[in-house]
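Below: the structure, in structure tokens.
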Number of protein chains: 2
Amino acid sequence: MAPKVIDKAKKRKDMALACSNLIHDVGIKNLTIQKVADSAGIGKGTVYEYFENKEDIIFEIINIHIENYQNQFLKDITTFSSIKEKIFYFFNFVLNDDEETSKHFNGYREYLSIIFTDGNEGMWDFNEECNIFIEEQLNQIIQEGIDKNELNPISKKFIKPIMIFEKGLVLVKMTQKNQNVKKECENFINELFALISTKEGIKNV
Amino acid sequence: MAPKVIDKAKKRKDMALACSNLIHDVGIKNLTIQKVADSAGIGKGTVYEYFENKEDIIFEIINIHIENYQNQFLKDITTFSSIKEKIFYFFNFVLNDDEETSKHFNGYREYLSIIFTDGNEGMWDFNEECNIFIEEQLNQIIQEGIDKNELNPISKKFIKPIMIFEKGLVLVKMTQKNQNVKKECENFINELFALISTKEGIKNV
DNA sequence: CATTTGTTGACTGACGGTCGGTCAACAAAT
DNA sequence: ATTTGTTGACCGACCGTCAGTCAACAAATG
């Protein structure tokens, strides 16, 4: 009945990984199914055994990128001690310009470009999940600040705004050259912290 | 010497207007040059007399939308008296769900999706201009608040953050369903105002 | 060997963009 | 007033590209 059972989900990931660099090299606009097939070492028709369409491929790749990024985040965040450092690392995605992070950032940009014309249910769900993840992370950081008596309890009201501000920075970076996102971020966080820190907290610069 | 001189810039606008509804109806993904030509009542080849490529058409349409929106904004903003009302109207673009504003918003979404894969110099410049416009507007509102002694002078430090927050809301609305952008906006503005208002200002709720 | 499952690349249709040619409008010459 | 010349707006047949399909083949199984 079933000769050679294939784990489609695994093969999906393998194939996406195989052309994860491809998308980075040529960009979505120039990514063709043929290139994907060649890159994965299979026939063009086979691609459609695992992916519904081109957008679906991009989606899988972005999934992997985001997953990697989140894992890295969870690892790295523990290495920072001060609340402010942690907050700034929260903005790492948009502030850091090293090759690895840029890869994630650009991948996300291409992903957004698809959503904006072709969003499907799976994508909305995925976005929702990502959002829950970052809200949890930020919530933890802020809560820690409050517990340590460095931040005023009112700070909790600014969790969502900080998240939204981060998204705003993403949009700024994606739409405007010569905008110093780092400066704007520092400005906002510093000014905000001046308002929501306890007297305790202000001492520990 | 000169047979039938045509104002290309005007025709560009006319044509863009002619298919402005088209793009709204079918979306960028399904917008074909042929449809544009049909909609404008001209031949396919002629389209390229006025536009470099498909992206260029979208760009012109968005230009018109944004221009209209900005003019409307300048008219409407004068009708609000309180600073907070003005600030909320500043967020009108992302908060208002009426047909007209949604049209602008969706147009902008499609525009972003192009920039994200195919940005050119003209588009970056345009974004820059838009940004300058909204910064001027917000600056005026905040300055008025300070002059009226309703807002603390520190408020000026929050002009850029508020702008960036607005962009963040845009991204939220474009990527997540079931997110109450209105609530998030009110939350942020109210909490922030509680921190940056003068005692004078707090009285005037 | 028969059957089922996986794989393939030739094929199709759609679309963006090009290009040689047409013709209305106007100017200059007669 | 009429003819002739020039220009450039306009057109749509055509081309290359590419996403997606499918009939045929290969491999595995019992």
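Just so we're on the same page: letters track the sequence lines, and every chain starts at 1. Computation of the quantities below employed the complete heavy-atom set of this structure, encompassing side-chain atoms and omitting hydrogens, waters and symmetry-equivalent molecules.
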Compare the minimum distances between each of [options] and the side chain of [X], then state the nucleotide with the smallest one.
X	options	result
A:Ile42	C:dG17, C:dT7, C:dT8	C:dT8
A:Lys54	D:dG20, C:dT7, C:dG17	D:dG20
B:Ile33	D:dA9, C:dG16, D:dG20	C:dG16
A:Glu49	C:dG16, D:dG20, C:dT7	C:dT7

Watson-Crick or G-U counterpart of C:dA28, or none if no pair lies under 3.5 Å: D:dT3
Can you tell me the distance, in whole Å, between the [atom1] atom of [X] and the [atom2] atom of [N]?
X	N	atom1	atom2	value
B:Ile58	C:dG16	CD1	P	10 Å
B:Glu52	C:dG17	CD	C1'	12 Å
B:Asp14	D:dA9	CG	P	15 Å
B:Lys44	C:dA14	NZ	P	13 Å
B:Ile28	C:dC15	CD1	C1'	16 Å
A:Asn30	D:dA19	CG	P	10 Å
A:Tyr48	C:dT8	OH	C1'	14 Å
B:Gln34	D:dC11	CD	P	11 Å

Does [X] have a side-chain nitrogen or oxygen under 4.0 Å from the phosphate oxygens OP1 or OP2 of [N]?
X	N	answer
A:Tyr50	C:dG6	no
A:Lys11	C:dT7	yes
A:Thr46	C:dT8	yes

We want to know whether [X] and [Y] form a side-chain donor-acceptor pair, criterion being a heavy-atom distance below 3.5 angstrom.
X	Y	result
B:Asn21	B:Lys103	yes
B:Glu110	B:Asn106	no
B:Tyr50	B:Asp14	no
A:Lys84	A:Asn190	yes

Residue among B:Trp124, B:Phe126, B:Phe59 satisfying side chain to side chain contact (heavy atoms under 4.5 Å, CB included) with B:Ile115: B:Trp124
Touch class at under 4.0 angstrom, heavy-atom based, for B:Leu31 against every strand present: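 Result for B:Leu31 = sugar-phosphate.
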Sugar-phosphate only, base, or nothing, as touched by B:Thr32 at under 4.0 Å among non-hydrogen atoms: sugar-phosphate
